[in-house]
Each structure stands twice: as C-alpha cells, then as structure tokens.
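Below is one structure, written out as structure tokens, with a few remarks after it.
Basis for what follows: all heavy atoms, side chains included, without hydrogens, waters or symmetry-related copies. Below, chains carry the letters A, B, ... as their sequence lines are ordered, and counting in each starts from 1.
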Amino acid sequence: MLKIYNTLARDKQDFKPIAPNKVRMYVCGMTVYDYCHLGHARVMVVFDMVQRWLKASGYDVTYVRNITDIDDKIIKRAAENKESIHTLTQRFIDAMHEDADALGVQRPDHEPRATQYVPQMLAMIEQLEKNGLAYKAADGDVNYAVRKFDGYGKLSGKSLEDLRAGERVEVASDKNDPLDFVLWKHAKDSEADEVKWDSKWGKGRPGWHIECSAMGSELLGKHFDIHGGGADLQFPHHENEIAQSEGAHQCSFVNYWMHNGFVRVDNEKMSKSLGNFFTIREVLKKYDAEVVRFFILRAHYRSPLNYSDQHLDDAKGALTRLYTALKSTAVRAEPDGTTSHSTKPASGQVAGYVEAQEVSQVRSPSTIAFSPELVEGSGRTDLIDWNEPHAQRFKAAMDDDLNTPEAVAVLFDLANEVNRSQSAHAAAQLKALAGVLGLLQRDAQAFLQGGAGEGGLDDAAIKAQIEARIAAKKAKDFAAADRIRKELLEAGVVLEDTAQGTSWRRA
RNA sequence: GGUGCGAUAGCAAAGCGGUUAUGCCCCGGAUUGCAAAUCCGGUUAGCCCAGUUCGACUCUGGGUCGCACCUCCA
C-alpha cells in the first residue's frame with residue numbers, strides 16, 4: 001500500500017484513489033520567461049518519478065503539468081527584449097522541453113498553457129462572484145474575498161491572523177482585506193493588446209492562481225487525487241487554488257498535496273530572486289544529465305538538496321558503479337524487444353572492448369544530450385520479478401512516501417549481487433528496477449565512455465593508444481604499456497584489462 | 001514577531017526502541033605483470049541536557065543551531 005505525505009494532513013497517509021485504479025495528478029510547472037534552473041529540474045524529476053511509480057504500481061495515471069505563459073515577469077521580460085510574449089514564451093517552452101528530455105522526464109499527458117484557458121478562468125471567476133466570494137474593486141481588479149471562504153489557511157496551517165501579523169509588504173488599499181488576492185487584473189493602457197482579454201469586468205488578464213484552478217478542473221475534474229509543486233507554492237499559491245476551486249465548485253478539490261523540498265546553494269534556497277541559481281543547461285555542460293537525475297533521486301523528495309560540484313562528482317562515481325555492474329554482464333536487446341543478459345560474449349568478441357569496438361559518436365558539447373532510453377526506460381516493468389527480495393525491498397521503499405534514497409540503496413545491494421554472482425537474472429532485475437526511476441537505461445558502455453569534453457581525446461585516439469599499449473604488452477614492454485596508460489589517465493581515460501581485452505571509460 | 005521543517009560518521013544520505021543501511025573517501029587482504037574494475041574485511045555516527053525504558057540515534061520534554069513560509073518564487 002502506497003503511503004504519501006499529505007501536506008494537508010502533515011502526515012503520511014494511505015493513498016486511496018478517487019476512482020478505482022485511476023490517478024489524476026496536477027503539478028505546477030514553470031513560468032516561462034527564462035531557462036529552467038536546478039530547482040525546476042527537481043520538480044520535474046521528482047514528479048516524473050512519482051508518476052512513474054504510480055504507473056509501475058498499476059494505476060492508470062493522468063498527469064497534468066501546466067505552463068504559465070502570462071504574468072508580470074513575462075510581460076516585463078518581453079518588453080525588455082522588445083519581443084512578443086508569444087515569441088518569448090515559446091522559446092523558453094522549447095528550452096524547457098530540451099532540459100526535461102535530457103533529464104529523462106517523461107512528457108505529462110497534458111501541458112496546458114494559461115493563455116489557452118482564459119474562458120474557463122473567466123467562467124470560474126464568474127461562479128466565484130455568484131457565490132459571493134469575488135468582488136470588483138475600485139481599481140478595476142476582481143479580487144477573491146478571503147474572509148468569506150471558510151477553510152482559508154488549511155493547507156499552509158496558517159490562520160488569517162497569523163498571516164496578517166507577518167505582513168511584510170504594503171498592500172493595495174483597494175482590497176477589502178489585505179490578504180485578498182487578484183483573480184482578474186484590469187488592463188493598463190501601456191500594456192500590449194497581446195496581454196488583454198475581454199471580460200464582463202472589462203479588459204484584463206488573469207491573476208496567477210486562477211489558471212491552476214481552471215485548468216485542473218477542466219482537465220482532471222473538480223475533484224482529483226494529487227496536486228504537487230515546490231514547497232514555496234504551498235502559500236499563497238496552493239492555498240489560493242483551494243479557495244478558488246472549492247469556493248467555485250462547492251466540493252473538495254484535491255485529496256493529496258505533495259510538496260518537494262528546495263535545491264540549495266551554500267545552504268540557502270536556490271531561487272531567481274536570490275540570484276544564486278544554476279540553469280539546467282549550464283550544469284549539463286559539465287555533468288551528464290543522468291548524473292543530475294541520479295543526484296536528485298538520491299535524496300528524499302521532501303528533504304533539502306544541496307547543490308555543489310563535489311556532490312555531483314560523488315553522484316557520478318556512484319552511478320558509475322551501477323553501470324559498471326551492468327557492463328560486467330553484457331546486456332543486449334533482443335529483436336523481440338525483450339532484454340536478455342549473459343555473462344559471456346555471444347560469439348567471439350565483446351561489445352565494449354577494444355578489439356570489437358565501434359568508435360561511438362562524440363557528443364557535441366554545445367547541445368544538450370538527449371537519451372531516449374532514459375525517457376522511455378520504465379516501459380517494461382513487466383520484466384521485474386516482484387517476488388525477488390530486492391524488488392520487494394525496492395517496492396516497500398517506494399511505497400513509503402517515495403523513499404528513493406532507500407530504493408537506490410537497494411540498487412547498490414543488487415549491483416553487489418550482480419558483481420558477485422554474475423547472475424543474468426540479477427542484472428535484469430537491476431536494470432528493470434532502476435528503470436522505474438528512469439535510471440540505468442542507457443547502454444553501459446555509452447555511459448561509461450561518454451562525456452568527451454572539448455580539447456579531450458576523442459574515441460579514435462583513445463582506441464589507437466590502447467592498441468599501441470596492447471602491442472607493447474605483447475612485446476613484454478611493460479614500461480611502455482604503463483606509460484601509455486598513465487598518459488591516458490592524465491587525459492581522463494581509465495583503462496581496465498580484462499580477460500576479454502582492454503576496456504576503457506572516461507573518469 | 002507568527003508558523004513549519006530539520007540536526008546521523010571525512011562528505012552525502014536512509015531505515016530502525018535491541019541485530020551490516022547505502023554511495024563516495026580512507027585502511028588491510030584477494031585478484032592483476034603492475035594497475036583499474038571487482039570481491040572479502042575494517043576504521044569514522046547520531047547537536048546538547050533531562051526523562052520514559054531492561055535497553056534510545058530511534059519515543060517524550062527543554063535548550064542550541066540551521067533552513068523555509070508569512071512578498072514573486074519549483
């Protein structure tokens with residue numbers, strides 16, 4: 001039985017879907033006016049993992065992750081760039097998709113954009129007005145009357161009095177209550193037509209919170225199972241979503257609220273406003289995308305995650321151990337699409353060793369490497385032997401509020417088992433279980449030999465050096481052989497002599 | 001000020017009222033021409049102070065420190 005920490009209850013609860021076997025999940029996605037940073041990467045990877053685990057558990061999942069493509073910052077940025085809102089947002093939506101793909105994040109079933117759901121938002125605001133929860137203020141904005149909604153504060157655990165006590169900014173005086181928030185912003189003359197929609201309250205554009213309420217109910221229904229997002233969205237965004245949705249529909253909105261912890265830099269929240277952020281693409285120039293994914297999943301999703309090069313290096317070393325275990329029992333795809341493992345070469349030479357090796361394509365460092373296997377990898381959960389002890393531990397860990405650090409620990413135990421026994425079954429289990437997390441789906445050799453940077457040796461040069469060294473070894477010229485190995489090591493290439501020949505990897 | 005979360009070995013990070021977490025690092029052994037990889041073994045824990053208990057890293061209370069939310073933020 002899956003247990004999920006529900007922010008609403010501040011406790012782990014048994015997960016029970018509204019409709020048998022179906023899960024409807026909504027996650028707050030990006031506001032697209034800039035490149036995604038590592039904090040965004042965490043949301044995408046974490047809820048991708050959640051979604052994968054729900055599917056692996058047999059649920060029929062409908063996953064929605066929205067795109068905010070209209071808001072103050074977007075308008076400001078577009079003006080600065082002297083470009084249209086649409087051009088700006090489309091550019092960063094494309095970039096976001098590149099980043100997400102690289103990280104092995106599966107596309108949500110729906111990726112609604114706020115600008116495409118304005119009619120639904122207007123209908124909802126109108127319903128709120130009918131229900132006595134919205135009013136038009138003197139300045140032309142339509143606001144939500146927070147005091148008229150009973151459970152306001154139930155998600156964030158705050159009372160209206162607490163919130164008022166903590167007010168840190170001057171609030172617009174046109175609001176009935178300082179905590180009221182905007183549903184519909186009246187248009188200003190200076191604004192472009194692109195950001196103006198007609199409404200019964202006059203031209204304007206939606207407030208931030210209404211989009212998620214409107215798109216959530218449009219795509220998932222008035223009442224759905226899971227709503228997720230970063231911990232910073234708990235208040236006010238998610239609190240306001242509840243007020244809007246329950247206020248308009250007069251029924252329960254979401255059963256389980258999930259919030260992921262922040263990525264930190266030097267023990268401080270990574271955020272745009274603090275300016276201490278690293279974009280995903282920046283990090284991917286230095287680290288393999290799967291290493292970043294592994295780094296994220298190695299921590300529990302609710303814990304803070306400190307970013308540093310040292311931690312990424314550590315994650316890389318750990319992931320290398322897992323791939324090394326898979327490499328030792330050659331994993332091949334069969335024509336029928338199943339995966340089989342053997343501990344011995346099928347015939348003659350073995351993939352990954354110099355004698356048989358094709359020189360793989362060197363990746364251009366300027367583009368983001370996209371590994372389709374990483375995205376599609378969890379498709380074959382039928383290959384998992386769920387009765388096997390490691391799989392049972394893995395399942396127990398995942399069912400315990402998505403405890404990926406524990407699940408990853410099981411992968412390492414399994415890797416040890418693979419190395420010790422050279423068991424094809426164990427190797428298949430390792431790959432299949434890791435696939436549930438969207439890990440270890442690439443060819444082991446491709447991972448271990450990847451990461452050629454600018455100015456480094458290319459694969460052909462490495463291969464030539466290895467051949468020279470093999471010749472030296474045959475001639476018993478160990479001094480020459482060791483010199484070549486040392487040179488390669490200094491160039492970041494590690495050699496491994498095995499019974500099947502010499503293999504290599506990039507350090 | 002209000003509210004919430006956290007403090008685990010050199011670093012990272014989990015579970016658990018009593019029995020090896022796990023990864024990286026480090027040390028010893030096996031293996032290797034030498035290495036690497038791998039295997040076997042080992043060192044390094046539980047912020048402080050009380051309490052509950054036969055027994056606490058794990059529960060309770062009180063401190064201390066850190067972080068977050070109360071403003072846009074994933």
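- Set against B:A74, B:A14, B:C34, the side chain of A:Leu233 has B:A74 as its closest nucleotide.
- Comparing A:His237 and A:Ala479 by the nucleotide of RNA chain B that holds the closest heavy atom to each, the one mapping nearer the 5' end is A:Ala479.
- Residue A:Lys476 is classed as having no contact, given no heavy-atom separation below 4.0 Å to the nucleic acid.
- Look at B:U22: its Watson-Crick or wobble partner, with both distances under 3.5 angstrom, is B:A12.
- When Watson-Crick and G-U wobble pairs are counted only if both distances are under 3.5 Å, B:A36 pairs with no nucleotide at all.
- For A:Asn419, a side-chain nitrogen or oxygen approaches OP1 or OP2 of B:C39 to under 4.0 Å.
- B:C40 and B:U19 have their P atoms separated by 22 Å, with the value rounded to a whole Å.
- With a 3.5 Å ceiling on both atom-pair distances, B:U44 lacks any Watson-Crick or G-U wobble partner.
- In summary, the side chains of A:His237 and A:Glu241 do present a donor paired with an acceptor at a separation below 3.5 Å, with no hydrogens or angles considered.
- Contacts of A:Val263 with the nucleic acid, taken as non-hydrogen atoms under 4.0 Å apart, include base atoms.
- Spacing of P atoms, B:G66 relative to B:C54, comes out at 38 Å, to the nearest Å.
- When rounded to the nearest whole Å, the span between CG of A:Leu274 and C1' of B:A74 equals 14 Å.
- Note on ring orientation: taking the six-membered ring where Trp is involved, the planes of A:Tyr307 and A:Phe295 are perpendicular (angle over 60°, cut-offs 30° and 60°).
- Candidate nucleotides B:A13, B:C39, B:A74 were compared by shortest atom distance to the side chain of A:Ala299, and B:A13 ranks first.
- When the P atom is used for both B:U60 and B:C5, the distance is 12 Å, rounded to whole Å.
- With respect to A:Arg52 and A:Asp48, a salt bridge is recorded, a charged nitrogen being found less than 4.0 Å from a carboxylate O.
- Considering only side-chain atoms of A:Arg298, the nucleotide from B:C34, B:A74, B:A12 that sits closest is B:A12.
- Here B:A74 presents its P atom at 12 Å from CD1 of A:Ile280, a figure rounded to the nearest Å.
- The A:Asn416 side chain lies nearest to B:C39 when the options are B:G4, B:U3, B:C39.
- Base engagement by A:Gly39 is indicated by at least one non-hydrogen atom pair under 4.0 Å involving a base atom.
- Using a 4.0 Å heavy-atom cutoff across all strands shown, A:Arg42 reaches no nucleic acid atom at all.
- B:C48 and B:G41 have their P atoms separated by 31 Å, given to the nearest Å.
- Contact annotation for A:Glu406: base contact, defined as any heavy-atom pair under 4.0 Å involving a base atom.
- You'll find that the side chain of A:Phe412 is closest to B:G23, out of B:U38, B:G23, B:C72.
- Where A:Asp413 and A:Arg485 each meet RNA chain B at their nearest nucleotide, the meeting point lying more 5' is that of A:Asp413.
- Under a cutoff of 6.0 Å and an axis angle of 45°, A:Lys272 and A:Phe277 form a cation-pi pair.
- One finds a side-chain N or O of A:Arg321 lying less than 4.0 angstrom from the OP1 or OP2 phosphate oxygen of B:C39.
- For A:Asp482 and B:G33, a side-chain-to-base donor-acceptor distance below 3.5 Å is present, hydrogens and geometry of angles not being considered.
- Among the atoms of the strands shown, none is found under 4.0 Å from any heavy atom of A:Arg65.
- Residue A:Lys486 places none of its side-chain N or O atoms closer than 4.0 Å to OP1 or OP2 of B:C34.
- If you take atom C1' in B:G18 and the same atom in B:U53, they sit 11 Å apart, rounded to whole Å.
- Rounded to whole Å, the separation between the C1' atoms of B:U44 and B:G23 comes to 15 Å.
- Residue A:Glu496 places its side chain closer to B:A37 than to any other of B:A37, B:C72, B:A14.
- Using a 4.0 Å heavy-atom cutoff across all strands shown, A:Asp497 reaches at least one base atom of the nucleic acid.
- Searching all strands for a Watson-Crick or G-U wobble partner of B:U31 with both distances below 3.5 Å returns nothing.
- Taking a pair to require two hydrogen-bonding distances under 3.5 Å in either a Watson-Crick or a G-U wobble arrangement, B:U64 pairs with B:A7.
- Nucleotides B:A9 and B:C47 are separated by 8 Å at their P atoms, to the nearest Å.
- Listed nucleotides: B:A14, B:G23, B:A68. Nearest to the side chain of A:Ser303: B:A14.
- The pair A:Glu496-A:Arg485 does not count as a salt bridge, with every side-chain nitrogen at least 4.0 angstrom from each carboxylate oxygen.
- Nucleic acid contact for A:Ser271: base, since at least one base atom lies under 4.0 Å from a heavy atom of the residue.
- Annotation: cation-pi geometry satisfied between A:Arg302 and A:Tyr5 (NZ/CZ under 6.0 angstrom from ring centroid, within 45° of ring axis).
- Of all nucleotides present, only B:G51 satisfies the Watson-Crick or G-U wobble test against B:C59, with each distance under 3.5 Å.
- When the nucleotides B:C67, B:A21, B:C70 are ranked by their closest atom to the side chain of A:Phe235, B:C70 comes out on top.
- Taking atom P on both B:A30 and B:A50, the two are 48 Å apart, rounded to the nearest angstrom.
- Closest to the side chain of A:Phe262, from the set B:C69, B:G4, B:A37, is B:C69.
- The base of B:C69 lies close enough to the side chain of A:Lys158 for a donor and an acceptor atom to sit less than 3.5 Å apart.
- In the interface, the side chain of A:Asp313 is not paired with the base of B:C24 through any donor and acceptor atom under 3.5 Å apart.
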Under the side-chain contact (heavy atoms from CB on, under 4.5 Å) rule, what do A:Arg293 and A:Val105 come out as? Steps first, then yes or no, please. CA-CA 9 Å; A:Arg293 184 180 177 94; A:Val105 172; 4.1 Å; yes
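- Ring planes of A:Tyr26 and A:Phe224: tilted class, angle from 30 to 60°.
- A distance of 6.0 Å or more separates the ring centres of A:Tyr33 and A:Phe92.
- Nearest to the side-chain atoms of A:Asp314 among the listed nucleotides B:G4, B:A36, B:C11 stands B:C11.
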